[in-house]
There are 2 protein chains.
Amino acid sequence: MGKTGTNPKAILDLDRIVHEPARLAILTVLASAEEVAFLFLQRVTGLSKGNLSSHTQKLEGAGYLETVKAFQGRIPVTSFRITEDGRTALRAYHQQLRALLPKEGKP
Amino acid sequence: MGKTGTNPKAILDLDRIVHEPARLAILTVLASAEEVAFLFLQRVTGLSKGNLSSHTQKLEGAGYLETVKAFQGRIPVTSFRITEDGRTALRAYHQQLRALLPKEGKP
DNA sequence: GAAACAAGTTTGTATTGCAAACTTGTTTTG
DNA sequence: CAAAACAAGTTTGCAATACAAACTTGTTTC
């Protein structure tokens, strides 16, 4: 009896900021560390610098992360931290995905 | 111990055809029925006609569904069926999502 | 038979995602 | 020590979307 099907309209409500794979990757990394440096984030996601830059800007615009600019000696280092809003959005997104996934082992 | 984090690069490999919410909604509906009429699909997804038309065309181009044009009496009725490839792609997508979701009840 | 309606498709536009080119500063080297 | 190479990011330009408004073709209704 368990109709698995979520209401298809709910799928259209997914947070597009989070849904974009590059940004989901970024948020996923940020969620597991206190602060992450630009170059580390680039290596671990495999994104190009330009791409990473614009996606982090978008995430910052959405209030999902904050940018920390500092100096390591005399070279500039940009790092990111996920915000509370970002964490909340990511969790909400995960919940939405869970809701739309069929229970493991459907025909 | 249990590092939940999937490799972030894997997130970038998500099938973009399926990942788009409108198309995911469409495929989800199609996967649960043998054949679905255009207008029914429109009502259940909430998509506009134009939108639905172009997304189904894209899915057809990808080989994920097939279009069936018929007549109900004398009015034309367009319906869709998911293909084997479509079903495979949807299942693969579900697997990828499961892999990146943290186990229920993380801090 | 003209006017409203139905079922889809095509067209136009604004938004994106992406990488190449640029900027600013630092290190290396001839 | 000047110039060339390099590093860290950002901005710019372009191709690909996603979306809805306008159009097309055919059918009822009045």
Side-chain angles (χ1 to χ4, degrees), chain A residues 8-30 35-62 64-81 93, chain B residues 8-30 35-62 64-81 93:
Chain A
K9 288 182 184 171
I11 299 177
L12 300 181
D13 293 333
L14 284 166
D15 183 342
R16 305 292 267 236
I17 298 285
V18 181
H19 190 61
E20 163 61 30
R23 290 190 293 264
L24 179 55
I26 292 168
L27 284 180
T28 300
V29 175
L30 292 190
E35 189 170 316
V36 178
F38 187 100
L39 288 181
F40 178 82
L41 198 49
Q42 197 205 333
R43 277 195 303 277
V44 73
T45 59
L47 292 165
S48 71
K49 282 165 187 245
N51 227 331
L52 180 54
S53 177
S54 52
H55 283 301
T56 53
Q57 282 179 41
K58 187 133 196 174
L59 285 166
E60 181 165 37
Y64 290 176
L65 63 74
E66 58 185 7
T67 303
V68 181
K69 285 181 181 283
F71 281 83
Q72 197 94 308
R74 47 187 18 195
I75 86 173
V77 174
T78 302
S79 300
F80 305 102
R81 288 166 178 267
Y93 180 76
Chain B
K9 287 182 185 171
I11 299 178
L12 301 181
D13 293 334
L14 285 165
D15 182 343
R16 306 291 268 235
I17 297 285
V18 180
H19 191 61
E20 163 62 31
R23 290 191 292 263
L24 179 56
I26 292 168
L27 283 181
T28 300
V29 175
L30 292 190
E35 188 170 316
V36 178
F38 187 100
L39 288 181
F40 178 82
L41 197 50
Q42 197 205 334
R43 278 196 301 279
V44 74
T45 59
L47 293 166
S48 71
K49 283 165 188 248
N51 226 331
L52 180 53
S53 177
S54 52
H55 282 302
T56 53
Q57 281 180 41
K58 186 131 194 175
L59 285 166
E60 181 166 37
Y64 290 177
L65 64 73
E66 58 186 5
T67 303
V68 180
K69 287 183 181 282
F71 281 84
Q72 197 94 309
R74 46 188 18 197
I75 85 173
V77 174
T78 302
S79 300
F80 305 101
R81 289 166 177 267
Y93 180 76

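It should be emphasised that the depicted structure is a prediction, and the values quoted were computed from it without experimental measurement. These numbers come from the heavy atoms of this one structure, side chains and all, not from hydrogens, waters or symmetry mates. Within every chain, numbering begins at 1; the chains are lettered A, B, ... in the order of the sequence lines, protein sequences first and strands thereafter.
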Is [Y] close to [X] at the side-chain level, that is, under 4.5 Å between some pair of heavy atoms?
X: B/Leu12; Y: A/Leu47; value: yes
X: A/Tyr64; Y: A/Lys58; value: no
X: A/Leu14; Y: A/Ile11; value: yes

| Closest heavy-atom pair and its distance - B/His19, B/Tyr93 |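 Smallest interatomic distance, heavy atoms only, reads ND1-OH, 2.7 Å.
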With respect to the phosphate group of [N], does any side-chain polar atom (N or O) of [X] fall under 4.0 Å of OP1 or OP2?
X: B/Ser48; N: D/dC19; answer: no
X: A/Thr78; N: D/dG9; answer: yes
X: B/Asn51; N: D/dA20; answer: yes
X: A/His55; N: C/dT16; answer: no

Any base atoms under 4.0 Å from [X], or only sugar-phosphate, or nothing? Heavy atoms, all strands.
X: B/Ser53; answer: base
X: A/Leu39; answer: sugar-phosphate
X: A/Leu52; answer: nothing

Considering only side-chain heavy atoms of [X], which listed nucleotide, [options], is closest?
X: B/Glu20; options: D/dC19, D/dT28, C/dG17; result: D/dC19
X: A/Phe38; options: D/dT17, D/dG9, C/dG8; result: D/dG9
X: B/Ile75; options: D/dT10, C/dA7, C/dC18; result: C/dA7
X: A/Lys49; options: D/dT10, D/dT27, C/dC18; result: D/dT10
X: B/Arg23; options: C/dC18, D/dA18, D/dT28; result: D/dA18
X: B/Gln57; options: C/dT26, C/dT9, C/dA7; result: C/dT9

Let me know the distance between [atom1] of [X] and [atom2] of [N], rounded to the nearest Å.
X: A/Leu47; N: C/dA20; atom1: CG; atom2: P; value: 14 Å
X: A/Asp15; N: C/dT16; atom1: CG; atom2: P; value: 13 Å
X: A/Leu41; N: D/dG9; atom1: CG; atom2: P; value: 11 Å
X: A/Phe40; N: D/dA8; atom1: CZ; atom2: C1'; value: 17 Å
X: A/Arg74; N: C/dT24; atom1: CZ; atom2: C1'; value: 14 Å
X: A/Leu59; N: C/dT16; atom1: CG; atom2: P; value: 13 Å
X: B/Lys58; N: C/dG8; atom1: NZ; atom2: P; value: 22 Å
X: B/Arg43; N: C/dA6; atom1: CZ; atom2: P; value: 12 Å

| query | Does a salt bridge link B/Arg16 with A/Glu20, judged by any charged N lying under 4.0 Å from a carboxylate O? | reply |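 Result for this pair is yes, salt bridge flagged.
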| query | Do A/Gln57 and A/Ser53 meet the criterion of a side-chain donor-acceptor pair at a distance under 3.5 Å? | reply |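 Distance-only check passes for A/Gln57 and A/Ser53.
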| request: Return the 5'-most residue of the pair A/Arg16, A/Lys69 with respect to DNA chain D, ranking by each residue's nearest nucleotide. | output: A/Lys69
